[in-house]
Participant: 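Below is the structure I would like to discuss, written out as structure tokens.
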Amino acid sequence: MTNRSRSVYARKRSPWRSIGIVMRSVWARGTGKFSLIVLAIWLVVSLVSLFWTPHSLWATDGYHVWSSPSRAHWLGTDGTGADIASWLMAGAGVDLLIAVLTVVVALAIGLLLTACMVARSTVLSRGSVVLIDALISIPTILVALMLAVPFGASVGVIVAACGLSYGLNMARVCRPQALRVANSSFVESARHSGVGAWRVFMRHVVPNIRSVMMVQLSLSAGTAVLAEAGLTYLGVGVPSGVPSWGHSLATSAKFITVYPLTVVWIGGCVTIAVIALNLLGDALRDASDPLTNPALRQVDYGA
Amino acid sequence: MASSQTLTRYVARRILLLLVALVAVSLVIFLAIRVLPGDVAVVMAGTDASPAQVSALRAQLGLDEPLWRQYVAWIGGVLQGDFGTALVSGQSVAAIVADRASITFPLILAGLMIALALGVPLGCAAAVTTRKRARGIYQAVSIVGGAVPALWAGLLLIMLFGRGTGLVGVFPTQGFPQNGWHSFGAAMLSLVLPAVTVGIVVGASMMRYTRSSLIEVASSDVIAMAMACGMTRTSAMIRVGLRLALPQLVSVIGLTFAEMITGVMVIENLFALPGIGTGLVTDIGNRDLVAVQSELLMLAALFLLIGIVVDVLHKVLDPRLGEDHD
């Protein structure tokens, strides 16, 4: 039985092909196109900043502090005469890292909790619901502060706090759909033909909650970038000296009353990135649902 | 509600759960501060303290006693309403928190009012409109509003309306009057910009929730029935749909309120308001472990309590949730 079922799965599942179809139909939407372009720029800028920035991050110029945008300094300089554009580019990398890591942690925690919630064992299913109910009302910032007391400010604190909160949130949002699938007849028949619980979860439950998950995850990525800005401003996020958008925003915030314009670029940059992430979630949901995207149906039933 | 008995049982179970959760949270807070790296006494005594001074400080803090005894002493005090004495200022933690809450809670309430005044009508309009262009504009408003960092929104408002430097310098941007609410007018004025900042950021999410919960009920038979009885689609959505969406909205408002207690931290910091959030950050910076552990516990208890109130309200407001859903 195992041989046959495996070959059927192997023929039906063509992940690369369906990813291509989904991406193309995201690209076909105006909002999807916008977010893909912004995210591509973000990625390229982050990669470039690893090797090259217009000025060194640590090159300060005491004679040209708070200069306005010019050819030498695209976005002007800050209070120490450091180039704002360079810091923004380097910050893009750190923020991208934070967003990606947060998504990974949230996905792991969310999947684990969802698996527990649909498990047959009542201890697991009851226990996980209770756990989520109890923890969901504790906000991200508080978790980050609790972690920052012993560990100090670090990227890890942001990722852990955001990943935990968004993972809990994802599990709660996914629960109704996951339960519906877990109680369906196709899951029952798979169980009866001897497929293991974890395999059923990955093969049957996860694909059916994928669209809900993707929206949640891309919202999480956006929220993580916002949380980074807030936490870094409070001094419990990215440690000082490490470039990040929150860091740039915080440094310019101190002198807002004297040099207001620098803050416009930095905040605008964060806002556009977060908009792109939020829009990507919606576009992905519509594009990856076989009910709204007919091209995907051929992959599922054909060949 | 099917019967008040089920409700009572539900509340009893949630409160039992709350107690268990509180014990767990208090243990986590306690251990996080004590066990993980960094000797608190060394940090507090400063870099130029002699070993004798450090050990004297440890004895004074009770840090040389076994962990379980420290924990019991702390929790025993908390149960009697004694949250300890802050190490830096020497005041009782309860008094300090009460002082800070008198700034944070008015700020949250004002922010929430602005958020609701902006978000609910906009959300209704976005759900009801049938014109394509209007829908696009509403969507753009909600997406941009949801992506703006609170810090940036505050900074932009300062640039526009801050006294002294703003384009239309009207409102003070830094601090709270020395004698607090005794100078009522000045206190209110200093809360205007922070409250509007909070209101804009939270209002965008209120708008999203209102719109999505209205759209959820839009396709239900209830709306069709109301329209069959002669209501227009718009009035059916507003008068019937909004009532149906109410329980969900109340849940969201409750949870938002809880989240705002720490969520306004950044705003408090920006406008130099000595509220709960700013105070917590200061205490953490000072390594004032007595104040930090009690404040964290109070906040956690408050959040858990709000969680229960929200869930109970949801059940009371939505008569369709008669039986337990577990």
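The figures that follow rest on heavy atoms only: side chains count, while hydrogens, waters and symmetry mates do not. To find a chain, count down the sequence lines: A is the first, B the second, and so on, and within it residues start at 1. Note that the structure is a prediction, hence the values are computed from the model and not measured.
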Participant: For chain B, find which of G246(A), A273(A), G268(A) contributes the most heavy-atom pairs closer than 4.5 angstrom.
Facilitator: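 Sorted descending by pairs with chain B, the first entry is G268(A).
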
Participant: Between P149(B) and G267(A), what is the shortest heavy-atom contact and its length?
Facilitator: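 Closest approach of P149(B) to G267(A): CD-O, 4.5 Å.
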
Participant: What part of V281(B) lies closer than 4.5 angstrom to a heavy atom of chain A: side chain, backbone, both or neither?
Facilitator: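 The side chain, not the backbone.
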
Participant: Report the distance from atom CD of Q139(B) to atom CG of L279(A), rounding to the nearest 0.5 Å.
Facilitator: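 Those atoms lie 7.5 Å apart.
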
Participant: Look up atom CG in L299(B) and atom CD1 in I141(A), then write down how far apart they are to the nearest 0.5 Å.
Facilitator: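 Here the rounded value is 11.5 Å.
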
Participant: Between L270(B) and Y233(A), what is the shortest heavy-atom contact and its length?
Facilitator: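 Shortest heavy-atom separation between L270(B) and Y233(A) comes out as CA-OH, 3.3 Å.
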
Participant: How long is the span from the CH2 atom in W152(B) to the SG atom in C269(A), to the nearest 0.5 Å?
Facilitator: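 The SG atom of C269(A) is 10.0 Å from CH2 of W152(B), to the nearest 0.5 Å.
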
Participant: So, for G146(B) and N278(A), which heavy atoms are closest and what is the spacing to 0.1 Å?
Facilitator: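 Smallest interatomic distance, heavy atoms only, reads O-ND2, 4.4 Å.
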
Participant: Who wins among T271(A), L277(A), T223(A) for the most heavy-atom pairs under 4.5 Å with chain B?
Facilitator: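 Highest number of heavy-atom pairs under 4.5 Å: T271(A).
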
Participant: Where does L280(B) contact chain A at under 4.5 Å (heavy atoms): side chain, backbone, both or neither?
Facilitator: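 It is the side chain, since no backbone atom gets that close.
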
Participant: Give, as side chain, backbone, both or neither, the part of V310(B) having an atom under 4.5 angstrom from any heavy atom of chain A.
Facilitator: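 Neither part.
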
Participant: Among T31(A), I275(A), V274(A), which residue meets the side-chain contact (heavy atoms from CB on, under 4.5 Å) test with I143(B)?
Facilitator: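 Considering T31(A), I275(A), V274(A), a side-chain contact (heavy atoms from CB on, under 4.5 Å) with I143(B) is found only for I275(A).
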
Participant: Would you say CZ of F257(B) has more than 12 non-hydrogen atoms from neighbouring residues, nucleotides or ligands within 6.0 angstrom?
Facilitator: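 Check passes, neighbour count above 12.
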
Participant: Using a 6.0 Å cut-off, check whether atom CZ of R172(A) has over 12 heavy atoms from anything other than its own residue.
Facilitator: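 No, not enclosed.
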
Participant: Is L226(A) close to chain B through its backbone or its side chain, or both, or neither, when contacts mean heavy atoms under 4.5 Å?
Facilitator: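 Just the side chain, heavy atoms under 4.5 Å.
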
